[in-house]
**Q** 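Have a look at the structure that comes next, please.
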Amino acid sequence: MLQYKGRARTNKFKVVDSVAFEEEMSTIDVVVDKEDDYYIILGSNYGADAWPRHEYDSDLDEEVEIDLIGIVANHLADDEVAIFMEVGNTRLTFLNGEAIAVNNKHEMRMVNLNAIYGLAKELTN
(Lines give C-alpha, C1' and ligand atoms only; values in the text may rest on other atoms or scores of the structure.)
Protein backbone atom coordinates (compact mmCIF):
# COMPACT_ATOMS: atom_id res chain seq x y z
CA MET A 1 0.00 0.00 0.00
CA LEU A 2 1.27 3.44 -0.90
CA GLN A 3 1.84 5.80 1.99
CA TYR A 4 1.18 9.53 1.96
CA LYS A 5 4.21 11.58 2.96
CA GLY A 6 3.34 15.05 4.11
CA ARG A 7 5.22 18.03 5.46
CA ALA A 8 3.71 21.08 7.07
CA ARG A 9 4.60 24.36 8.69
CA THR A 10 3.09 27.65 9.68
CA ASN A 11 4.30 31.16 9.13
CA LYS A 12 5.62 33.16 12.08
CA PHE A 13 2.89 34.53 14.35
CA LYS A 14 2.49 36.18 17.75
CA VAL A 15 0.23 35.02 20.57
CA VAL A 16 -1.38 36.90 23.43
CA ASP A 17 -0.03 34.73 26.27
CA SER A 18 3.11 32.69 25.58
CA VAL A 19 2.82 30.61 28.75
CA ALA A 20 -0.78 29.56 28.05
CA PHE A 21 -0.01 28.86 24.38
CA GLU A 22 3.07 26.75 25.15
CA GLU A 23 1.18 24.84 27.84
CA GLU A 24 -1.68 23.93 25.49
CA MET A 25 0.66 23.10 22.61
CA SER A 26 2.78 20.82 24.82
CA THR A 27 0.00 18.21 24.66
CA ILE A 28 -0.01 18.12 20.84
CA ASP A 29 2.50 16.12 18.80
CA VAL A 30 4.03 18.94 16.76
CA VAL A 31 7.26 20.90 16.92
CA VAL A 32 6.72 24.41 18.26
CA ASP A 33 9.64 26.73 17.67
CA LYS A 34 9.94 30.21 19.18
CA GLU A 35 12.05 32.92 17.64
CA ASP A 36 12.00 36.22 19.53
CA ASP A 37 8.27 36.83 20.13
CA TYR A 38 7.14 34.72 17.16
CA TYR A 39 6.12 31.07 16.97
CA ILE A 40 6.34 28.56 14.12
CA ILE A 41 4.72 25.12 14.17
CA LEU A 42 6.09 22.20 12.17
CA GLY A 43 4.24 18.98 11.38
CA SER A 44 4.95 15.81 9.45
CA ASN A 45 3.29 12.47 8.61
CA TYR A 46 0.27 11.90 10.83
CA GLY A 47 -1.41 9.10 8.93
CA ALA A 48 -3.13 10.63 5.91
CA ASP A 49 -2.27 14.19 6.94
CA ALA A 50 0.75 16.33 7.66
CA TRP A 51 -0.99 17.93 10.67
CA PRO A 52 -2.19 15.86 13.63
CA ARG A 53 -5.98 15.41 13.73
CA HIS A 54 -6.13 13.23 16.86
CA GLU A 55 -4.26 12.86 20.11
CA TYR A 56 -4.29 10.30 22.88
CA ASP A 57 -6.18 11.35 26.01
CA SER A 58 -4.83 9.31 28.92
CA ASP A 59 -7.76 10.28 31.16
CA LEU A 60 -10.22 8.83 28.64
CA ASP A 61 -7.80 6.11 27.47
CA GLU A 62 -8.68 6.84 23.85
CA GLU A 63 -7.88 8.97 20.82
CA VAL A 64 -9.71 12.30 20.68
CA GLU A 65 -10.07 14.70 17.78
CA ILE A 66 -8.13 17.95 17.97
CA ASP A 67 -8.63 21.19 16.08
CA LEU A 68 -5.08 22.50 15.83
CA ILE A 69 -6.10 25.49 13.72
CA GLY A 70 -8.82 26.42 16.22
CA ILE A 71 -6.45 26.06 19.15
CA VAL A 72 -3.91 28.38 17.55
CA ALA A 73 -6.65 30.87 16.59
CA ASN A 74 -7.70 31.03 20.25
CA HIS A 75 -4.22 32.26 21.19
CA LEU A 76 -3.42 34.64 18.32
CA ALA A 77 -2.71 38.28 19.07
CA ASP A 78 -4.89 40.93 17.42
CA ASP A 79 -4.04 41.53 13.76
CA GLU A 80 -2.03 38.29 13.59
CA VAL A 81 -2.78 35.58 11.05
CA ALA A 82 -1.48 32.02 11.27
CA ILE A 83 -1.02 30.30 7.93
CA PHE A 84 -0.98 26.49 7.97
CA MET A 85 0.75 25.14 4.84
CA GLU A 86 0.92 21.49 3.84
CA VAL A 87 2.49 19.69 0.90
CA GLY A 88 2.60 15.97 0.37
CA ASN A 89 2.65 13.10 -2.06
CA THR A 90 2.04 9.42 -2.50
CA ARG A 91 4.98 8.28 -4.61
CA LEU A 92 4.24 11.18 -6.94
CA THR A 93 1.03 9.53 -8.13
CA PHE A 94 -0.85 11.95 -5.92
CA LEU A 95 0.30 15.45 -5.01
CA ASN A 96 -1.40 17.65 -2.46
CA GLY A 97 -0.87 21.21 -1.41
CA GLU A 98 -3.02 23.52 0.63
CA ALA A 99 -2.80 26.55 2.85
CA ILE A 100 -5.27 27.78 5.45
CA ALA A 101 -5.07 31.25 6.99
CA VAL A 102 -6.86 31.99 10.28
CA ASN A 103 -7.13 34.97 12.61
CA ASN A 104 -8.17 35.19 16.28
CA LYS A 105 -11.82 35.62 15.23
CA HIS A 106 -11.64 32.16 13.60
CA GLU A 107 -12.13 33.70 10.16
CA MET A 108 -10.43 31.50 7.56
CA ARG A 109 -9.30 31.52 3.97
CA MET A 110 -8.09 28.43 2.12
CA VAL A 111 -6.36 27.61 -1.16
CA ASN A 112 -5.76 24.12 -2.55
CA LEU A 113 -3.62 23.04 -5.49
CA ASN A 114 -6.49 20.94 -6.84
CA ALA A 115 -8.42 24.17 -7.49
CA ILE A 116 -6.26 24.59 -10.59
CA TYR A 117 -8.41 22.01 -12.43
CA GLY A 118 -11.46 24.25 -12.20
CA LEU A 119 -9.45 27.29 -13.21
CA ALA A 120 -7.88 25.39 -16.12
CA LYS A 121 -11.33 24.43 -17.37
CA GLU A 122 -12.06 28.13 -17.81
CA LEU A 123 -9.26 28.20 -20.41
CA THR A 124 -10.80 25.55 -22.66
CA ASN A 125 -13.07 26.36 -25.58
**Q** In the single-linkage hydrophobic clustering (I, L, V, M, F, W, Y; side-chain heavy atoms under 4.5 Å), do I100 and V87 co-cluster?
**A** no

**Q** Do you know the tightest heavy-atom contact between A73 and V102?
**A**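 What the structure gives for the nearest pair is CB-CG2, 3.8 Å.
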
**Q** Around atom CD of E23, are there more than 12 heavy atoms of other residues, nucleotides or ligands at under 6.0 Å?
**A**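 At most 12 heavy atoms, drawn from other residues, nucleotides or ligands, come within 6.0 Å of this atom.
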
**Q** Mind checking the CE-CZ spacing from M85 to R7? Nearest 0.5 Å is all I need.
**A**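 The CE atom of M85 sits 15.0 Å away from the CZ atom of R7.
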
**Q** Do any N or O atoms from the side chain of T10 and from the backbone of I41 form a donor-acceptor pair under 3.5 angstrom?
**A** yes

**Q** For the residue pair A77 and V16, what are the closest heavy atoms and their distance?
**A** CA-CG2, 3.7 Å

**Q** Search all heavy atoms of K34 against all heavy atoms of D37 and return the closest pair with its distance.
**A**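 For K34 and D37, the tightest heavy-atom pair comes out as CE-CA, 4.4 Å.
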
**Q** What is the distance from atom CG of L76 to atom NZ of K14, rounded to the nearest 0.5 Å?
**A** 12.5 Å

**Q** Has D36 got a side-chain atom pairing as donor or acceptor with Y38's backbone, closer than 3.5 angstrom?
**A** no

**Q** Indicate, with yes or no, if M108 and V81 share a hydrophobic cluster defined by side-chain heavy-atom contacts under 4.5 Å among Ile, Leu, Val, Met, Phe, Trp and Tyr.
**A**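 Different hydrophobic clusters.
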
**Q** How far does CZ of R53 sit from CG of D67, to the nearest 0.5 angstrom?
**A** 9.0 Å

**Q** So, using side-chain contact (heavy atoms from CB on, under 4.5 Å) as the criterion, who are the partners of A8 when residues are at least two apart?
**A**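 A8: side-chain contact (heavy atoms from CB on, under 4.5 Å) contacts with A50, W51, E86.
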
**Q** Could you tell me whether the side chain of N96 and the main chain of G6 form a donor-acceptor pair under 3.5 Å?
**A** no

**Q** Can you name the side-chain hydrogen bond (donor to acceptor under 3.5 Å, both in side chains) partners of D79, sequence neighbours left out?
**A**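 Partners of D79 under the side-chain hydrogen bond (donor to acceptor under 3.5 Å, both in side chains) test: none.
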
**Q** Give a yes or no answer on whether the side chain of E80 reaches the backbone of F13 with a donor-acceptor pair at less than 3.5 Å.
**A** no

**Q** State plainly whether one hydrophobic cluster holds both I83 and V30, where clusters connect Ile, Leu, Val, Met, Phe, Trp and Tyr through side-chain heavy atoms under 4.5 angstrom apart.
**A**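 No, separate clusters.
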
**Q** Got a second to check how far H75's NE2 is from M25's CE, nearest 0.5 Å?
**A**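 Nearest 0.5 Å value for the NE2-CE distance: 8.0 Å.
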
**Q** Do the side chains of F21 and V72 get nearer than 4.5 Å, heavy atoms only?
**A**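 Answer yes - side chains close enough.
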
**Q** Starting at CG of L95, measure out to CG of L113 and round the result to the nearest 0.5 Å.
**A** 8.0 Å

**Q** Can you give me the closest heavy-atom contact between D29 and P52, atom names plus distance?
**A**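 That closest heavy-atom pairing would be O-CG, 4.1 Å.
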
**Q** Do you know which two heavy atoms are closest between H106 and G70, and how far apart they sit?
**A** CE1-O, 3.4 Å

